[in-house]
Amino acid sequence: MSSTKDSTEDQIDTSNVGGLEEIIPEPLMPVWKRIELIQEFRETHGDTYVRVLEAVTAIVLAVGYVWWAYLYLIGDNLVAI
């Protein structure tokens with residue numbers, strides 16, 4: 001029984017297996033190509049990209065917090081228009 005199972009698995013050619021482009025319908029291929037470009041970019045520049053994105057997010061959050069604190073503590077005394 002195991003020799004039949006082994007011979008069946010040996011008959012399958014897995015050397016040229018592709019990604020999802022084999023099952024994606026033709027009208028959605030432009031969208032899939034964009035996703036592939038993003039994935040390729042992330043594989044190439046992944047660590048640097050994540051560090052820069054985290055730094056930008058931290059800066060935006062810090063500025064937003066300072067602005068909120070300014071409005072909460074000092075902006076209360078301003079005249080509302």
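The model shown is predicted, which means the values in this text are computed figures rather than measured ones. The residues of the chain are indexed from 1 along the displayed sequence.
Partners of P27 by side chain to side chain contact (heavy atoms under 4.5 Å, CB included), not counting sequence neighbours, listed by chain and number: P25.
In terms of hydrophobic clustering, with Ile, Leu, Val, Met, Phe, Trp and Tyr side chains grouped at heavy-atom distances under 4.5 Å, F41 and L37 are assigned to different clusters.
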Anything under 3.5 Å between a donor and an acceptor, one on a side chain of residues 44-69, the other on a protein residue two or more places apart or in another chain? List them.
unit_1 : atom_1 : unit_2 : atom_2 : d
T44    : OG1    : E40    : O      : 2.9
T57    : OG1    : L53    : O      : 2.8

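Contact check for V31 versus R34: no side-chain heavy atoms found under the 4.5 Å cut-off.
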